[in-house]
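Take a look at this one; I'll ask things after.
For the single chain, residues carry numbers from 1 onward in sequence order.
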Amino acid sequence: TNKKQIFDDFHKIEPEANRFHQGTGIGLSLSKRLVNLMGGELSVDSQLNRGSVFYFTLPRINGPMEQEKETDESQDNINLEKITVLIAEDEPDNFHLIEMLLKKTRASIFWARNGKEAVKYIEENPAIRCLVLMDIKMPVMDGIEACARIKTINNTIPVIAITAYALSEDAENLMKYNFDDFIAKPINFDKLHKSILHLLNVDREK
């Protein structure tokens with residue numbers, strides 16, 4: 001049972017009282033999603049008190065790459081060609097996952113590695129139509145402060161909080177800080193795209 005559960009969002013095998021191993025319980029879930037996006041599978045062989053071996057398989061491509069299979073139907077025909085999506089995220093793996101989710105929308109992508117870089121980008125590019133995906137916990141400047149500063153510069157820019165705490169009351173409290181929406185980690189494709197469509201007031205292409 002635990003072999004399947006360890007790939008679930010926010011699931012940890014250790015008893016709640018055991019604080020030795022820190023973390024939110026999303027690392028394996030994110031890893032599995034990344035492998036699945038590439039058409040592969042992530043599995044584990046484990047023996048209690050002996051250890052675990054994780055392995056993954058990926059498809060081999062011998063000829064010209066075929067058109068990639070859609071990762072989610074909600075991504076079909078969304079045209080964000082005139083939109084810049086600013087992704088404020090200090091973890092490279094998380095950034096690349098979001099980038100992969102948005103690659104078929106034709107949006108321009110800018111990576112800010114902390115809140116300060118995100119604010120600087122908005123200050124220096126006032127004419128760009130922008131959407132911000134804001135991680136909450138970042139070095140230099142966290143997402144809450146960065147959101148407040150961005151809204152001071154231009155309060156029409158939609159800012160979506162990307163948080164590991166979106167299953168708790170803390171997530172709903174984020175809305176008090178002028179975020180326009182929040183999405184849980186690991187990111188659900190459908191929720192992300194629906195939120196973008198709603199906040200930018202754009203339609204799917206026919």
Side-chain angles (χ1 to χ4, degrees), residues 9-10 22-27 29-31 33-34 37-38 71 75 78-168 170-189 191-202:
D9 301 349
F10 305 105
Q22 298 296 318
T24 58
I26 63 172
S29 179
L30 282 171
S31 298
R33 286 189 182 219
L34 285 169
L37 281 171
M38 293 183 284
T71 57
Q75 190 171 332
I78 298 176
N79 184 2
L80 302 180
E81 189 173 7
K82 297 180 180 181
I83 306 296
T84 294
V85 179
L86 190 161
I87 303 172
E89 171 61 65
D90 62 312
E91 293 291 342
D93 287 346
N94 292 340
F95 164 75
H96 291 304
L97 175 59
I98 299 172
E99 184 182 37
M100 290 174 69
L101 300 183
L102 296 176
K103 64 181 177 180
K104 295 182 182 181
T105 68
R106 289 176 278 178
S108 298
I109 304 292
F110 182 84
W111 183 13
R113 291 164 177 79
N114 55 63
K116 186 175 181 179
E117 289 187 10
V119 173
K120 182 179 179 181
Y121 181 85
I122 298 299
E123 288 176 333
E124 294 179 349
N125 297 277
I128 292 178
R129 190 180 181 193
C130 192
L131 168 81
V132 181
L133 303 181
M134 183 74 73
D135 186 31
I136 299 302
K137 188 177 180 180
M138 292 183 291
V140 185
M141 181 186 296
D142 66 27
I144 291 175
E145 182 178 353
C147 177
R149 295 197 183 191
I150 287 172
K151 291 293 187 177
T152 299
I153 298 167
N154 184 347
N155 64 6
T156 67
I157 295 177
V159 182
I160 301 175
I162 305 297
T163 173
Y165 303 102
L167 295 184
S168 68
D170 291 338
E172 295 182 4
N173 289 336
L174 287 174
M175 304 305 287
K176 299 176 183 178
Y177 296 100
N178 220 13
F179 288 99
D180 296 278
D181 200 356
F182 63 83
I183 302 291
K185 289 183 180 181
I187 295 173
N188 178 283
F189 309 153
K191 288 182 179 179
L192 175 62
H193 295 135
K194 285 181 178 178
S195 181
I196 290 174
L197 286 170
H198 172 69
L199 293 174
L200 294 178
N201 194 27
V202 296

**Asked** Hey, what do you get for CD1 (I162) to CG (L192), rounding to the nearest 0.5 Å?
**Response** 6.5 Å
**Asked** Shortest non-hydrogen contact from A118 to A112?
**Response** N-CB, 3.5 Å
**Request:** Taking the side chain as every heavy atom from C-beta outward, state whether I136 and F179 have any atom pair closer than 4.5 Å.
**Result:** yes
**Prompt:** Side chains of D135 and T163: closer than 4.5 Å at any heavy-atom pair?
**Reply:** no
**Request:** Sort and list the pairs that fulfil side chain to side chain donor-acceptor pair (under 3.5 Å) and have at least one residue in residues 116-125, not counting sequence neighbours.
**Result:** none
Would you list the atom pairs, donor with acceptor, under 3.5 Å between side chains in residues 142-157 and any protein atom, with sequence neighbours excluded?
| unit_1 | atom_1 | unit_2 | atom_2 | d |
| --- | --- | --- | --- | --- |
| D142 | OD1 | I144 | N | 3.2 |
| D142 | OD1 | E145 | N | 2.9 |
| E145 | OE2 | R149 | NE | 3.3 |
| E145 | OE2 | R149 | NH2 | 2.6 |
| K151 | NZ | I157 | O | 2.8 |
| K151 | NZ | D180 | OD2 | 2.7 |
| T152 | OG1 | A148 | O | 2.9 |
| N154 | OD1 | T156 | N | 3.0 |
| N154 | OD1 | T156 | OG1 | 2.6 |

**Prompt:** Does CZ belonging to F110 count more than 12 external heavy atoms closer than 6.0 Å?
**Reply:** yes
**Request:** Decide yes or no on side-chain contact (heavy atoms from CB on, under 4.5 Å) for I78 and L197, but give the supporting numbers first.
**Result:** CA-CA 8 Å; I78 298 176; L197 286 170; 4.1 Å; yes
**Prompt:** Can you tell me how far the CZ atom of F95 sits from the CG atom of L133, to the nearest 0.5 Å?
**Reply:** 10.5 Å
**Item:** Working for side-chain contact (heavy atoms from CB on, under 4.5 Å), residues V159 and N178
**Value:** CA-CA 8 Å; V159 182; N178 220 13; over 6 Å; no
**Asked** If you measure from CD1 on I160 to CD1 on I196, what distance do you get to the nearest 0.5 Å?
**Response** 5.5 Å
**Worked verdict on L80 versus R106 for side-chain contact (heavy atoms from CB on, under 4.5 Å)** = CA-CA 6 Å; L80 302 180; R106 289 176 278 178; over 6 Å; no
**Request:** Check whether any side-chain heavy atom of V132 sits under 4.5 Å from a side-chain heavy atom of P158, and report yes or no.
**Result:** no
**Fill in**
Residues at least two apart in sequence or cross-chain that pass side chain to side chain donor-acceptor pair (under 3.5 Å) with E99, listed by chain then number, are H96
**Item:** Separation of K137 NZ from N114 CG (nearest 0.5 Å)
**Value:** 15.0 Å
**Item:** Qualifying ring-ring contact (aromatic ring centres under 6.0 Å, His included) pairs, either residue in residues 141-162, two or more places apart
**Value:** none
For residues 81-89, tabulate all N or O donor-acceptor pairs below 3.5 Å that involve a side-chain atom, not counting sequence neighbours.
| unit_1 | atom_1 | unit_2 | atom_2 | d |
| --- | --- | --- | --- | --- |
| E89 | OE1 | K185 | NZ | 3.3 |
| E89 | OE2 | E91 | N | 2.9 |
| E89 | OE2 | N94 | ND2 | 3.4 |

**Asked** Under the side chain to side chain donor-acceptor pair (under 3.5 Å) test, which residues partner D181, sequence neighbours left out?
**Response** S195
**Asked** So do the side chains of H193 and L102 get within less than 4.5 Å of each other, counting heavy atoms only?
**Response** yes
**Item:** Sequence neighbours excluded, every pair satisfying ring-ring contact (aromatic ring centres under 6.0 Å, His included) that has a member inside residues 135-161
**Value:** none
**Asked** Going from CD1 on I183 to NZ on K191, what distance comes out if it is rounded to the nearest 0.5 angstrom?
**Response** 7.0 Å
**Straight-line distance of I98 CD1 to K103 NZ, nearest 0.5 Å** = 14.5 Å
